[in-house]
Every structure is written in structure tokens, then in C-alpha cells.
Participant: 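Can you keep this structure in mind? I'll have questions shortly.
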Amino acid sequence: MPETLDDAPSWLLHTDGGLALHVPADLASQTTSSLLELERWHEPDTQLLSKLLAPDAIALDAGADHGMYTVALGRHLGKGRVWALEPDASALRRLQSSVQANGLQERVASLAVQLSGPGASGDRQDTLDGFVARHLAGCPIDLVRMGDGAPVAAVLDGGQQVIASHRPILLLPSCSMRPGQAVSQRLAAVGYGLFSYLPELEVLAPVDLLPADDLGERPCWAVALERVAELARRGLLADVDDVLRAPSPPAPQQAVAPYLVALERTITGHTERERSAAERIAWLMAARDDLQAALNAGDESGPEAWALLVHLLHALGQRANAVDLARELLKQWDDSVPVNRPVMPPRREDLDPPRTQPDAAWLRLRLAEFIEDGQPWTPWSTAPAASRLAVLTALTAQPDHRPATARRQLLAHLRRDEALPVPLLHAVAHHPGTVNAELWRAVASQFSAQPSADTAHTPPAAPMAAAPATAAQQVQAATQRMAQLLSDHPGLAAEFERLCELAQGKGSGAFSSAHEVRMALAFCGAEPRLAIDVGAHQGDYAAELRRWQPSLEIHLFEPSSAHRQTLANRFAQDGGVVQVPAALAAQSGAATLYADRPGSGLASLTRRRLGHLGISFNSTESVQTLRFEDYWQRQLHGRPIDLVKIDVEGHELQVLEGFGAALACTRVVQFEFGGTHIDTRTFFRDFWFFFDERGFDLYRLAPCGPMPVRAYREADEAFVVTNYLAVRRLQ
């Protein structure tokens, strides 16, 4: 409900991320209209703050306005501190109220100060160097943000000491990265690179890769060049050279339609977060370029391919080009355009809500909303023309429209001082996902409650008001659509089956060690101390463990003589890695290691039958076997074990049987299941009951994260390389 902060009426708005913000009770305010329409900040860059900064970081928000960035920073910095500087008295009061509404008083300090250049004087002006010297002497400055309208060049001139000694990340208004600007030249001169956030990929990309026409709409991230490599290792940033050097996606192994190749590369770029940011960008760039070439050459056609190109342009920061292409496509298509293949909308988030329309109508709606959101008109700057309002009305008359589109239409009516369409207002105010429903009702009370002539044709029941379909109904509808699609195009069945398996983590042998390690360590607690790597091969998994946990003690078991020297050389300077030249098994003794060649990753204690793949296991080597329980008691003295990784080509269950009492002292086990278990006659059912009876929960490692396997099903007997986690249940 409206409230008053001293002399300024205010509304308390909420975001879909759980933040609260006091804003002017005025629809002409950009902050107010943006939050009412989107229910989140219109700049997605706020999502990046928690990933870039450690929880104990210190940040300055200069020109904090009503405090969106301040509150987002304060929510993340549990042990750090935010200094919010805002010279405008009304905005500062709202900011302070927002800090209090979010319970951040201990983390945020707010002052009526404006940063400026050398020579700044007065009670409310200071330089960056002067402010830090007076308030933060001896404290490392991790981030400096300057709001819209900040005198960026002057602040940089007045902050040369802070920039030279602290090397903070700088978040600047969009004008800072326009080509030829003095600000961008000045930042380059002091060793900073300029980057822009790509929200579809959740990474920072160099501005050199983005069209100049799109730079004016984006905040600018300036990062000290010495920090670029660190952020790149964390998957948050890509440098130009890294993108150009990134390995190209492999060519398809068989004749596959260019659209399906591009779609798979797009999915890889979005979902395989263990890849570097540069490689993910390179995969999407390859998908874009090859798909564009195929479309131009006539080797590919159809709405699915063109829609995917719109998505790729948008994801790679070419928003203006994406909107232009979407507009041209809508001119050529109607609801009868044939959509016969899986389709990607312009925005990845539009895949999530359930859909009730036929694919062609749904795709046209997604494109139209994407175009509408890309228009230069914004509800806080001017009242929209009647023709623009007619477009919004047509969009909200369709099922499956975005809730933000309905809120934008209502704001358009309010900006035009028109009566509101009652059914649409009712739908927005009572939609279960609306986080500001009470405010919508308060806004509506200031206007006529009856439809005017302009809104008399509003549908009597807005689609948003309909009860959402149950999960079972959604699955049933999707299954029917896919069954019809595959019936019409049987050649897609094998490719679709493979993609579905990959989405569930089945066939995930192509995932990197980084992907596996991050998910496994998430279950290991804050400070894991001891890890066991069974089947260490060349040490990639152990090296990734060491990268994430520098103090972890790791014991490597690898019987192959071809790899023992590699491991010795790789970890020669690492006193925390212990190498054991033996294979783990159910019993200690001797065995034969079979392989198609020395050093092969397929080596197994079973002579595998892979003649159908043209592979013969003719290489043999005599190796020693150990029962791990004996090693654990004699060498590790019964210590608790945080993580065990087992990759022994079909003999995982035998290794586990050899753990004996050690398994009761183990927290997490990662193991592989796949085609090798055909040769050893082992089923997933054997693993399921083995772990369930010993108090472990099972998870399948999938692109979206660990997927719980709550009960055994015959469908889990998928003999393709799949990684699982067994996690000890809490007692």
C-alpha cells in the first residue's frame, strides 16, 4: 500500500528474487515502472554480483538512487559491507528504508555523498580517493559501481590511487564502453578490459565481440587485466583471445540436418557449465555462423531454424539484429506455418512455462513479445501511442502470454490515464506468481473500475486467470505433441532419444572432470580432508579436486604402468597426493589388466567383447589387486573419508565390496555405470540395493545438476556411460 517517507509518497515493491525496495509512488519513475512490469531489475547484471564477489567483499555503490544494486549487494555480502552514496535526499531516504526492509542495517552504510573529480568540495561531494582514505583506510575495495548520470571520467580522475592499488571491478553506465569514448581509452590505459554481461549464458563477454549499436543499452564492466584469467577459470568471463583460441565444436559423426547440429551446440553452450566461458561462447558463435550459412545457401529452412537464429543472435548480445530478424519473420508467418521440430524461443526462460497453444501460434507469440520488449518505448518515458497499446492488447488476448506483458499493458493504460480492462487487472492482481498484487490493487483504486470504450472488447476472462495445468497434464500434453512430431518425422527419433538421455545425465561420459568434481564436492561439506581416486588414469579428476580444494589429501589407485609415470610427474611437487600402483578389488592378490592398447582408457580387469565396434582387447598386463578395507586400516588408520571416486571399467561393485567397514566412514561415493557392466554382468539394480541397504541416497549427475534417484526402475538399466553420486543419509 502507498506510504509516506517524510514529504515523498512511496510504494514498497518486491522482486521475484525476494528483495524489497521503496520507490516513488509515481509511474513516471523508471525504477517504479520497471519493477512493476518485470518484478525484477531491468538490468540483469544484478544477477552477476553474487558470483563475482566473495561474501566478505567491500563494495561502493556511487549514485545508488533508490538502492536496487545496494540491496542486491547487501543480500550477498554476509561478511562484507556496502557503502551506498546518494546525494539526493528523497532517494537516500528511500534507500535507507529499503535497507531496513531487507534487514541489512549491519551490512550497508548509506551517506549523502556524490563522487566527483579532483577539487570536489562541499559537504556532499568527495573524490573516490578521498572517500576511501577517510572511511575505508586499509580495507581492500572489491567493487565500485557508478549509477546512471554519474560523471564517470571525473570519478576516475579522482580515484587514481584506489584504482592503481586496489584494482577493483568497476560497474559503469553504458556510455563508458562506446567506441572512441575518452572513458574507455582511459580505462585501457590503466590496464582494464571492458566487458558486457550476456544473461543467456551468464558470462561476461568482451565488448569487442558485440555490435556497437547494442552497447548503449548495457552497463559496462571494467576488469583489471590481471584478474581476467582468474574470472575466466571460474567460468564467469571470456577474453577475446580465449574465444578465438577456443576449440571448435566437433563435426557431426553422421549426416545430420544443420538445424539439429546448431540446436545441439546451443544446448551445449547453455548447459555444460564446466566448459570455459570462452568455449561456451565459441560453441554458440559456431552454431550461429553455420546455421546462417545453411539458411543463406538454402540447405536449411523452416521456422525452427530461423527462430533458433533469433535466439543465438540474442544470446550473443546482438539484440538489435535479433529483434529486426524476428520482426521480418512475423511478417512472413501466420499461425499455419509448419513447426515440425523442437523449437527454441528467443529467450531461454520462455521454455519453462507450460504451453497450451499449437507450436506455430506459440512461436509467433514468443517472437512478438520479444519484439515488444525490444522496442525503444518504455512506460516511464512517455505515454504509448494507441497503435502500440493495440499490439499489447492483442498479445494478452492469447493464452501462454508472459505475465510481464499483461503488466506492461496495464501500465500503458495508466500512463495514458485510461480506464483499466477489469478482467486483465483481476488476472494480474490474483495471479499466483504476482509478487506485488496488493500494490496493483492500490494502483487500480486510483482509476476508474469500469472498462472504457477503448477496452470494452477485452476478453471476459484473461488467460492468466486460468488455473495452471497440473504437472501430469503438462507432461501428457507434451508427450502427445512429441509423439505426433516423431510419427510425422521418424528420422528425428534417434536424435531426440539421445538428447533426452543427455538431459538426464545418461551418456554423460563427455562431461568434464570439472563438472563432476563441483557436483560431488557440493555434498562433502565446507572442508573435506580426505579423497580416494580409484582408477586415477592420468590424474585429471585428482587435478580438478586439487584446484578446488588445495588442502585436500588424495590417494590415487592406478594399476596401469603406462599411467604411473604420468601421475608421478604430474603430482611430483604435491605432497598431498599419494600414488598407489595397484587395482582395488574385492580381495587382495593378482589379476590381469586387459586393454586394446597400452595406456587405454578402456582398460579393465575383464577382457571386454567389443568386436562390434572394431576393438580387440589383445594388450595384457599383470597387476596387483588390493582390498581397500585393508589399506584403510593399515595406511589410513580408519580415518573418515569425504569423497571416493571409482572409475574402473565395470568392476565398480567389486571395489565397493572390498571397502568393507570403510564404507560406513565414507560420506560421498561417485561411481560410473555403463556399457562396461554388460561385460561384467552387473546391473544398476545391484548398485541401488547395495547403497540403499547401507544408508546412501543415489543421484544421477545431469547437466542441470544432481538428479535424485528415489527408487529403482528398470528404465535405469541404461548401458551408456553415466555418473552417479551415493551420498550418506543424515541420521
Participant: For residues 69-83, which residue pairs qualify under side-chain hydrogen bond (donor to acceptor under 3.5 Å, both in side chains), counting only residues two or more places apart or in two chains?
Facilitator: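 side-chain hydrogen bond (donor to acceptor under 3.5 Å, both in side chains) check on residues 69-83 returns Glu43-Tyr69, Asp61-Thr70.
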Participant: Does anything in residues 150-169 pair up under salt bridge (charged side-chain N to carboxylate O under 4.0 Å, His left out), and if so which pairs, sequence neighbours excluded?
Facilitator: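 Every pair satisfying salt bridge (charged side-chain N to carboxylate O under 4.0 Å, His left out) with a residue in residues 150-169: Asp157-Arg186, Arg167-Glu226.
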Participant: Less than 4.0 Å between a side-chain N and a carboxylate O, is that true for Glu349 and Arg40?
Facilitator: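 Yes, Arg40 and Glu349 are salt-bridged.
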Participant: Salt bridge between Arg275 and Glu272, side-chain N to carboxylate O under 4.0 Å?
Facilitator: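 Yes, this pair counts.
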Participant: Hydrogens and angles aside, do Gln105 and Gln100 bring a side-chain donor and acceptor to less than 3.5 Å of each other?
Facilitator: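 Distance-only check fails for Gln105 and Gln100.
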Participant: Is a salt bridge present between Asp373 and Arg347, judged by a nitrogen-to-oxygen distance below 4.0 Å?
Facilitator: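 Yes, charged N to carboxylate O under 4.0 Å.
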Participant: May I ask you to decide if Glu672's main-chain N or O and Asn723's side chain share a donor-acceptor pair within less than 3.5 Å?
Facilitator: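 Answer holds: no.
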Participant: Compute whether any side-chain donor of one residue and acceptor of the other, for Gln538 and Thr566, lie under 3.5 angstrom apart.
Facilitator: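 Absent: no donor and acceptor within the cut-off.
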Participant: Among all residues two or more places apart in sequence or in another chain, which pass the side chain to side chain contact (heavy atoms under 4.5 Å, CB included) test with Glu553?
Facilitator: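 Glu553 satisfies side chain to side chain contact (heavy atoms under 4.5 Å, CB included) with Leu530, His555, Leu636, Arg639 only.
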Participant: Can you list every pair that meets salt bridge (charged side-chain N to carboxylate O under 4.0 Å, His left out) and has a residue in residues 532-552, with sequence neighbours left out?
Facilitator: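 Those involving residues 532-552 are Asp533-Lys645, Asp540-Arg570, Glu544-Arg547, Arg546-Asp574.
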Participant: Among all residues two or more places apart in sequence or in another chain, which pass the ring pair (Phe, Tyr, Trp, His ring centres under 6.0 Å) test with Phe523?
Facilitator: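 Listed in chain order: Tyr699.
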Participant: Taking only residues two or more places apart in sequence, or in another chain, which ones meet Arg529 in a side chain to side chain donor-acceptor pair (under 3.5 Å)?
Facilitator: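 Arg529 satisfies side chain to side chain donor-acceptor pair (under 3.5 Å) with no other residue.
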